[in-house]
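Shown next, in structure tokens, is the structure this report addresses.
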Amino acid sequence: MGLGRKIILVICLIVFLGSAGVLLDYFLNGMKEQNALEDLKNMQTDREDLVTDKGTVIGKYADLYLANNDIIGWITVDGTRIDYPVMQTQNDPEFYLYRGFDKEYAVSGVPFMDAASDIFVPTSNFLIYGHHMKNGTMFHDLLKYEDREFYEEHPTFKFDTIYKGGQGTYEIIAAGYTQIFPKDSTEFKYYHYAGMTSETEFYEYLKGIREISSYDTGVSAEYGDQLVTLSTCAYHVEDGRFIIVGKRVDAKQQVPQ
């Protein structure tokens, strides 16, 4: 083998080992961050409710609130790995995009609610974002809902606010792909409807999400229903997104007292 070919081989080996190291580091850090969030489940204890200046935190979430009062809820989707706290920092809306529950840097981040959605103000739609991690964590498994059969086996998800009156089960209305850019595209801009309040907006949103849904769930909604939209990245196009939208079916949303 000539010297030139040997040099090329060595360079290729170095690049391969470097890439493998980066990939390994990505997955190891991702699992470390996932384990840290898994540990938070152990902080859901049977204790007395906690009265705060924001409202009454139900006992199950009291220790989590005391650890970090940016937590506003918990999202669980059966048949997936989605079982996480939901954060919100309205003065710095994307604070948890790359931070863990402990507020330290974390590539996985933590699911967080759009600043325009406010659990303390009557609204028709809570919009929650989460990363689509290649290691299968965060909102990666939302894309299981592109399969109608998976939807039929898991037609609901659960979202609790940590405050009294905010615990609920949501029946899925729509699930599908969309795109957030370019701004002049004809794709439905679902993210413009976070925190919507008017009847006109509600039915505009309902029409829009049905149009992008991968299939007809047969589930409808009426103005006054509480909706939750879960959003994550998708890679079918540049700046793609995948969303699922559910309506609360056990009770009407109540503003925390």
Side-chain angles (χ1 to χ4, degrees), residues 31-106 108-131 137-139 141 156-171 194-195 226-231 246-257:
M31 294 315 299
K32 179 181 178 181
E33 293 165 8
Q34 173 69 14
N35 290 338
L37 290 173
E38 291 279 351
D39 290 341
L40 296 178
K41 297 177 192 177
N42 297 326
M43 295 178 66
Q44 296 181 22
T45 57
D46 185 15
R47 57 162 290 174
E48 293 183 0
D49 294 344
L50 178 67
V51 178
T52 74
D53 58 352
K54 296 180 180 179
T56 302
V57 177
I58 62 173
K60 178 180 179 180
Y61 298 110
D63 287 339
L64 287 163
Y65 175 86
L66 291 172
N68 185 343
N69 63 11
D70 289 338
I71 184 174
I72 53 90
W74 196 279
I75 181 72
T76 305
V77 183
D78 289 341
T80 76
R81 299 182 70 173
I82 299 170
D83 193 9
Y84 299 119
V86 177
M87 316 301 285
Q88 187 173 50
T89 46
Q90 290 181 325
N91 293 331
D92 187 1
E94 296 187 349
F95 182 84
Y96 286 97
L97 186 64
Y98 292 112
R99 287 184 175 89
F101 188 82
D102 60 2
K103 300 186 179 182
E104 297 297 324
Y105 176 79
S108 302
V110 186
F112 62 94
M113 187 175 286
D114 191 287
S117 299
D118 192 335
I119 65 171
F120 297 99
V121 177
T123 175
S124 296
N125 186 32
F126 296 140
L127 175 54
I128 301 171
Y129 302 102
H131 281 301
T137 61
M138 295 297 107
F139 278 7
D141 283 352
T156 65
F157 62 87
K158 188 170 179 60
F159 173 65
D160 291 347
T161 72
I162 64 172
Y163 298 93
K164 275 196 167 181
Q167 297 70 55
T169 298
Y170 290 77
E171 186 177 15
Q226 178 66 54
L227 306 182
V228 165
T229 301
L230 307 180
S231 170
K247 70 169 183 179
R248 190 171 178 180
V249 292
D250 56 339
K252 298 297 182 184
Q253 176 69 25
Q254 300 174 24
V255 177
Q257 301 296 321

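Since we're looking at a predicted model, the values are computed, not measured.
Between the side chain of Thr45 and the backbone N or O of Arg47 there is no donor-acceptor pair closer than 3.5 Å. Using modelled atom types, no side-chain atom of Asp160 and backbone atom of Gly73 make a donor-acceptor pair closer than 3.5 Å. Between the side chain of Arg248 and the backbone N or O of Gln167 there is at least one donor-acceptor pair closer than 3.5 Å. Not one N or O on the side chain of Asp70 forms a donor-acceptor pair closer than 3.5 Å with the backbone of Thr89. A distance-only check finds a donor-acceptor pair linking the side chain of Gln88 to the backbone of Ser117 [under 3.5 Å].
Between Ala62 and Leu50, the shortest heavy-atom distance links the atoms CB-CB, 4.0 Å. Residues Pro85 and Leu40 share a closest heavy-atom pair of CG-CD1, 3.8 Å. Listed here is the closest heavy atom pair of Thr156 and Glu171: CG2-CA, 4.0 Å. Between Met43 and Ala67, the shortest heavy-atom contact is CE-CB, 3.8 Å. Closest non-hydrogen pair, Phe126 versus Met113, comes out as CB-CE, 3.7 Å. Of all heavy-atom pairs between Gln34 and Tyr84, the closest is OE1-OH, 2.8 Å.
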Stepwise side chain to side chain contact (heavy atoms under 4.5 Å, CB included) test for Leu127 and Ser231
CA-CA 7 Å; Leu127 175 54; Ser231 170; 4.2 Å; yes

Working note: Thr76 + Asp83, criterion side chain to side chain contact (heavy atoms under 4.5 Å, CB included); need CA distance, chi angles, decisive distance, verdict.
CA-CA 4 Å; Thr76 305; Asp83 193 9; 3.0 Å; yes

Let me see the working for Val77 and Asp141 under side chain to side chain contact (heavy atoms under 4.5 Å, CB included), right down to the final yes or no.
CA-CA 9 Å; Val77 183; Asp141 283 352; over 6 Å; no

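Applying the ring-ring contact (aromatic ring centres under 6.0 Å, His included) test to pairs two or more places apart or on separate chains, none has a residue in residues 47-80.
Atoms NZ and CD, on Lys247 and Gln226 in that order, are 12.5 Å from each other to the nearest 0.5 Å. Atom CZ of Phe101 sits about 9.0 Å away from atom CG of Leu37, to the nearest 0.5 Å. Between the CD1 atom of Ile58 and the CD atom of Gln44 there is a distance of 9.0 Å, given to the nearest 0.5 Å. Considering CG of Asp63 and CG of Asn42, their distance stands at 11.5 Å, rounded to 0.5 Å. Between the CD1 atom in Ile119 and the NZ atom in Lys54 there is a gap of 8.0 Å [rounded to 0.5 Å].
Residues Asn125 and Thr229 have side chains that bring a donor and an acceptor to within less than 3.5 angstrom of each other.
Residues Asp118 and Thr123 fail the side-chain proximity criterion, which asks for heavy atoms closer than 4.5 Å. When side chains are defined from C-beta on, Phe157 counts as touching Leu230, because their heavy atoms get closer than 4.5 Å.
If you look at Phe120 and Tyr163, their ring centroids are closer than 6.0 Å.
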